[in-house]
Amino acid sequence: MHIIKVGGGSQINLPGIVADLARLETPYVVVLGANALRDDLGTRLGLEKQELTSVSGYNSVYSDENAIDLIMMAYAGLRNRRFVELCQRHDINAVGLTGLDGRLILGQRNRGIRVREGGKTLMKRDFSGKPRSVNTALLKLLLNQGYRPVLSIPIIDEQGFAINSENDDIVNTLQEALHAERIVQLIEAPGFLDNRDDPQSVVDQMTKSELQAREAQVEGRMKRKMLALRRLFEAGAGEVVIADGRVEHPVRDALAGRGTIIR
Amino acid sequence: MSECPVCGAEITLASDTVVGELLECPDCGSELEVTALEPPALAEAPETEEDWGE
């Protein structure tokens, strides 16, 4: 069993990924990103991404109702449907799902964030949260019948609302439920780079115990990614491959060990 | 006029107060959130995580 996390960058080779998946005999679940598509669609619709800065300086995306609409259009709609279509054209019997369907990914709504606005301190709340559990029975039902689940945000909160969530956190929750032997993360880089400005500096192998030290070396969004990787191993991951999603055979190359292998 | 849900002190809200605003009870120092304006209502502000992510 594999979990294949497909990044949402604009250069990810989706047809190449699906062509590789069609030759894969091991069952898998796909988690789809679509951030570039979301931003592009948002611009076309005049729905710009809103960011908030907390009183202690963390930046977060503000997921109001418009943002959730946009997620439904970009992630659950266009990206998921087109990916499932590609799968079907390659004889993969894919089933596209969001966390809402069958309460597949249940999350807990974020409690709020403190921001400064107009000289006041305000509590802001939105439709975002952290995944907490997976409807494992539904996923296994599909997998055991030979279907290939293709998952996209939104997920569902305790009250049944659609909420935004990080795909890294979703992969962690899936791993806790499914115990995949291998997790493949396809990104817009040849792997984890020792020097982020040098694409030749791919780190071929990393031990899970190195992750904490690496986390201290990196900044910004990458720091969050490293933390997510560390949590993935805490969730029982055996092997994670971070590989280039832009090449001709992204999945084949990743499974052949090209990229960064973390054990 | 509203009441601190922690210590019961009476708190007068400024005229430009908005829903979601955080203020401190002048008596017990609890952090309070304005949950409504008409009539005014206060609740203890929740603990929050700093980083929502996306």
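Letters A, B, ... mirror the listed sequences (proteins, then strands); counts begin at 1.
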[X] atom [atom1], over 12 foreign heavy atoms within 6.0 Å:
| X | atom1 | answer |
| --- | --- | --- |
| A:R246 | CZ | yes |
| A:R196 | CZ | no |
| A:R214 | CZ | yes |
| B:E10 | CD | no |
| A:E188 | CD | yes |

Mark yes or no for whether A:K120, through its side chain, and B:V18, through its backbone, hold a donor-acceptor pair below 3.5 Å.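 No; zero donor-acceptor contacts below 3.5 Å.
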Checking B:E31 against chain A: side chain, backbone, both or neither under 4.5 Å from a heavy atom? side chain
Let me know if B:E21 has heavy atoms under 4.5 Å from chain A in its side chain, its backbone, both or neither.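 Its backbone and side chain both get close to chain A.
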Do you know which of B:D16, B:V34, B:V19 has the most heavy-atom pairs under 4.5 Å to chain A? B:D16
Closest heavy-atom pair and its distance - A:R114, B:P46: NH2-O, 3.2 Å
